[in-house]
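Data block below; observations after.
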Amino acid sequence: MKTLLKRYITPDDPFGPIDSIDIDTADREVLKKLFETHNQVYQGMRHRPSIIMGRRGSGKTSYLRTVYFNGDYDFIVEIRAQRVFEEITMVVHRAAKEAYVESLAELWEMMLWVCVFSELSRKPFLPSDRLNLVNAYLAALGVRDAVSVDDVLLKLAGVLSEATREHPSEGILAILRRFDRVAFDGVKAAVSDSLMKTRKRFVILMDSLEDFRLDMEAASHSLRGLLKYVGSMNKPSDVVDIRFCLPTELYRRVADFSSNQNKDFRRALKLQWKASELILVGALRLKLYLELYYPDFLNRLLPLDVGRRPDARRLFDAVLPPKITNAAGFQEDTISYILRHTQLLPRHFLMLLNSIFRNSGDAGGTPPFPISERRIVSGVRRVEEQIVKEIFGAFRLVHPTAEETCRRCLPALGHKFDSGELHRVYNRHGKAVFGGDGIHEFRRMLQEIGAVGRVDPSKSVEVYIQGDFEYNVEHEVAIAPQDEMCLHPLFSGIYRGNQNERPVYPSGCRPDDEAVEDRD
């Protein structure tokens, strides 16, 4: 096992991959070893959510892939190919502009079940008579020779495009007729019965909206039907489940497409993290790194249960200095310093830890702990621009001019400012490039991407400013005319706000912080 782990936990990446997609699904023990389960999000997975929502870097794919090691499902298919989803979406867009949402949901039901049929046809599972029934249906549909679910959907896109070209006036009816509802229902009943009688369960994983390249108008018809169908899935009696990842950066736009948000999102799970939970994620990886490269150092700290918060913190205290001096000359808790340069996302935290610990000493030699202050500060500086660029990328579909607008405007703002200052900066630097509907939409963009928060005067003190940011709450953070605002440390670090000011502490970034209070 150690040899296998060393493929993923290396001196260059001591905290391992930041993307679970980089871990081969065949290495199930590695997936399990690197996955932290002592958090509210994992507990929520017990309820079989059909939609997993979270920001880029929140761990959606990791939670999607827990099915590979938790034993809940016997058959698993992943629909990951971006082009597949876009091809299907464009077919639906061209054919279904005036379609009822029920017809769109029916289309998604049949397409996804055809993926189930195809996958089971390649497994030694179905009795011969039912296998023949499945194969005959797949052949009639023109996807019998598909070699994967992505191949199935690409072939279906071609079949459905041909149906709409042959009968352009019929729209989605031509597509639905191509599936032959009576034959489909017969195959679906036979497959469901086989799964039920053998107590087997099947899950479809859909992780394909992160880098969606279609405009939202083109996607709206397809997503409306998909949301309705996905929202109806994962009932207690179902033998086929679905897990669909939805980036919360797009949530407000996508939710507008929903025909009934209460029903479509009733089985949704939102990934939102506390600082104390991120420390558990980091401590799990840190312990594995020490086991592999500095076992004697780790043995001196044993016993350790890194699933417990005191032990996780004790492990970090052994490898980091207790305090660090920031750019303004103030001392602050080291782990809080690192965490305030994240937006409370596992990906951000692991990126920073990999940068800080990377090549910190000769692997297996003298332990280089505690890590020096200089390495910590430079480690944060090395990756904060990459983190900010990823944030812009995640919001590009919703806020395409955000990066250029921030590049022009944020250098003119300090760590703390009022509405008048923000308005002046917008007029002088932002209006020409932003392209929105004015100052209110400009401020809304800055809040949504997590660049700007609302100062909490009751918790700000002489040595730091505390701010409430939207990525850490369930609602919009209202900013009244008399409220002051602040710049997130990631953005002030990149755009060089006044570094001599008090540092900004986003609410929730300290290990003992609770969720942001609802003051609105």
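No hydrogens, no waters, no symmetry mates; every other heavy atom, side chains included, goes into these values.
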Exercise. If you count the non-hydrogen atoms of other residues, nucleotides and ligands that lie under 6.0 Å from CD in Gln331, is the total more than 12?
Worked result: yes

Exercise. At what distance, to the nearest 0.5 angstrom, does CZ of Arg7 lie from CG of Asp22?
Worked result: 12.0 Å

For this session: Could you tell me whether Arg347 and Asp19 have a side-chain N and a carboxylate O separated by less than 4.0 Å?
Result: yes

For this session: Run the salt-bridge test on Arg396 and Glu249 with the 4.0 Å N-O cut-off and return the result as yes or no.
Result: no

Exercise. To the nearest 0.5 Å, what is the distance between OG (Ser419) and CZ (Arg424)?
Worked result: 10.5 Å

For this session: Measure the shortest side-chain to side-chain distance between Leu280 and Asn39 over non-hydrogen atoms and say whether it is less than 4.5 angstrom.
Result: no

Exercise. Between the main-chain N or O of Ser222 and the side-chain N or O of Trp108, is there a donor-acceptor pair closer than 3.5 Å?
Worked result: yes

Problem set entry | His399 versus Ile449, closest heavy-atom pair with distance | CD2-CG2, 4.3 Å

Exercise. Backbone N or O of Thr325 within a donor-acceptor pair of the Glu373 side chain at under 3.5 Å?
Worked result: yes

Exercise. Going by the ring pair (Phe, Tyr, Trp, His ring centres under 6.0 Å) test, which pairs reach into residues 443-464, not counting sequence neighbours?
Worked result: Tyr464-Tyr505

Problem set entry | Glu291/Lys287 under salt bridge (charged side-chain N to carboxylate O under 4.0 Å, His left out): CA gap, chis, key distance, verdict | CA-CA 6 Å; Glu291 282 178 357; Lys287 185 170 182 279; 2.9 Å; yes

Exercise. So do Val477 and Phe469 actually touch side chain to side chain, heavy atoms under 4.5 Å?
Worked result: no

Exercise. Do any N or O atoms from the side chain of Arg267 and from the backbone of His47 form a donor-acceptor pair under 3.5 angstrom?
Worked result: no

Seminar exercise, completed: salt bridge (charged side-chain N to carboxylate O under 4.0 Å, His left out) test vs Glu332 passes for just one of Arg502, Arg340, Lys323, namely Arg340

Exercise. Given the side-chain rings of His488 and Tyr471, with only the six-membered ring counted for Trp, is the space between their centroids under 6.0 Å?
Worked result: yes

Exercise. Where is the tightest heavy-atom contact between Pro303 and Asp311, given as atom of each residue plus distance?
Worked result: O-OD2, 4.3 Å

For this session: May I ask you to decide whether Glu404 forms a salt bridge with Arg408, counting only side-chain N to carboxylate O separations under 4.0 Å?
Result: yes

Exercise. Taking atom OG of Ser50 and atom CD1 of Ile204, what is their separation to the nearest 0.5 Å?
Worked result: 12.0 Å

Exercise. Hey, what's the ring geometry for Tyr289 with Tyr293, parallel, tilted or perpendicular (30° and 60° as the breaks)?
Worked result: tilted

Seminar exercise, completed: Heavy-atom closest pair (His415 atom, Ile465 atom, distance to 0.1 Å) is CB-CD1, 4.2 Å

Exercise. Is the number of heavy atoms from other residues, nucleotides or ligands under 6.0 Å of Arg428 CZ greater than 12?
Worked result: no

Exercise. Between Ile335 and Leu320, what is the shortest heavy-atom contact and its length?
Worked result: CD1-CD1, 4.0 Å

Exercise. Are the side chain of Arg454 and the backbone of Ala478 linked by a donor-acceptor contact shorter than 3.5 Å?
Worked result: yes

Exercise. Would you say the side chain of Tyr68 lies within less than 4.5 Å of the side chain of Glu78, judging by non-hydrogen atoms?
Worked result: yes

Exercise. At what distance, to the nearest 0.5 angstrom, does OG1 of Thr25 lie from CD1 of Ile76?
Worked result: 8.5 Å

Problem set entry | Closest non-hydrogen atom pair, Gly450 against Gln343 | O-NE2, 3.3 Å

Exercise. Can you name the residues that form a side chain to side chain donor-acceptor pair (under 3.5 Å) with Tyr42, not counting sequence neighbours?
Worked result: none

Problem set entry | Point-to-point distance, once rounded to the nearest 0.5 Å, from CG of Leu352 to CD1 of Ile376 | 11.5 Å

For this session: Using the side-chain hydrogen bond (donor to acceptor under 3.5 Å, both in side chains) rule, pick out the option among Asp456, Asp468, Asn472 that qualifies with Ser507.
Result: Asp468

Exercise. Do Arg313 and Asp333 pass the salt bridge (charged side-chain N to carboxylate O under 4.0 Å, His left out) test, and can you show the C-alpha distance, the side-chain angles, and the key distance before you say yes or no?
Worked result: CA-CA 12 Å; Arg313 186 62 196 265; Asp333 176 69; 2.7 Å; yes

For this session: List the steps and the verdict of side-chain contact (heavy atoms from CB on, under 4.5 Å) for Met233 and Phe244.
Result: CA-CA 11 Å; Met233 293 283 283; Phe244 171 55; over 6 Å; no

Exercise. Does any N or O in the side chain of Ser58 come within less than 3.5 Å of the main-chain N or O of Leu345, such that one atom is a donor and the other an acceptor?
Worked result: no

Problem set entry | Glu390 vs Arg55, salt bridge (charged side-chain N to carboxylate O under 4.0 Å, His left out): CA-CA, chis, key distance, verdict | CA-CA 11 Å; Glu390 288 192 1; Arg55 292 188 61 182; over 6 Å; no

Exercise. Looking just at side-chain N and O atoms, do Ser355 and Arg382 make a donor-acceptor pair shorter than 3.5 Å?
Worked result: yes

For this session: Classify the angle between the aromatic ring planes of His423 and Tyr426 as parallel (below 30°), tilted (30 to 60°) or perpendicular (above 60°).
Result: tilted

Exercise. Checking side-chain contact (heavy atoms from CB on, under 4.5 Å) for the pair Phe434/Cys409: CA distance, chi angles, key distance, verdict?
Worked result: CA-CA 10 Å; Phe434 176 56; Cys409 295; over 6 Å; no

Exercise. Using 4.0 Å as the upper bound for N to carboxylate O, is an ion pair formed by Arg285 and Glu36?
Worked result: no

Exercise. Are Phe35 and Tyr63 close enough that their ring centres sit under 6.0 Å apart?
Worked result: yes

Problem set entry | Test item: Arg266 side-chain N/O and Gly231 main-chain N/O as donor-acceptor pair under 3.5 Å | yes

Exercise. Are Arg201 and Asp241 ion-paired here, with the side-chain N under 4.0 Å from a carboxylate O?
Worked result: yes

Exercise. Do the side chains of Leu446 and Leu422 get nearer than 4.5 Å, heavy atoms only?
Worked result: yes

Exercise. If only atom types and distance count, is the side chain of Glu421 paired as donor or acceptor with the main-chain N or O of Asp418 below 3.5 Å?
Worked result: yes

For this session: Taking the side chain as every heavy atom from C-beta outward, state whether Leu304 and Leu298 have any atom pair closer than 4.5 Å.
Result: yes

Exercise. Distance-only, no hydrogens or angles: does the Thr248 side chain make a donor-acceptor pair with backbone N or O of Tyr251 under 3.5 Å?
Worked result: no

Exercise. Can you tell if the side chain of Asp24 reaches within under 4.5 Å of the side chain of Tyr8, non-hydrogen atoms only?
Worked result: yes

Exercise. Are any non-hydrogen side-chain atoms of Arg314 and Arg308 less than 4.5 angstrom apart?
Worked result: no

Exercise. Just by distance, do the side chain of Glu441 and the backbone of Asp437 share a donor-acceptor pair under 3.5 Å?
Worked result: yes

For this session: Please answer whether the main-chain N or O of Asp12 pairs with a side-chain N or O of Arg358 as donor and acceptor at a distance below 3.5 Å.
Result: yes

For this session: Using the side-chain contact (heavy atoms from CB on, under 4.5 Å) rule, take Val425 and Phe417 through it: C-alpha gap first, then chi angles, then the decisive distance, then the call.
Result: CA-CA 11 Å; Val425 167; Phe417 48 90; over 6 Å; no

Exercise. Does some side-chain heavy atom of Val77 sit less than 4.5 Å from a side-chain heavy atom of Leu205?
Worked result: no

Seminar exercise, completed: Output for pair (His348 NE2, Leu278 CG), nearest 0.5 Å, gives 10.5 Å

For this session: Compare every heavy atom of Val306 with every heavy atom of Ala312, then report the nearest pair and how far apart it is.
Result: CB-O, 3.9 Å

For this session: Report the C-alpha separation of Arg309 and Ser276 in whole Å, then their side-chain angles, then the decisive distance to 0.1 Å, and conclude whether the side chain to side chain donor-acceptor pair (under 3.5 Å) test is met.
Result: CA-CA 7 Å; Arg309 295 178 185 184; Ser276 57; 3.2 Å; yes

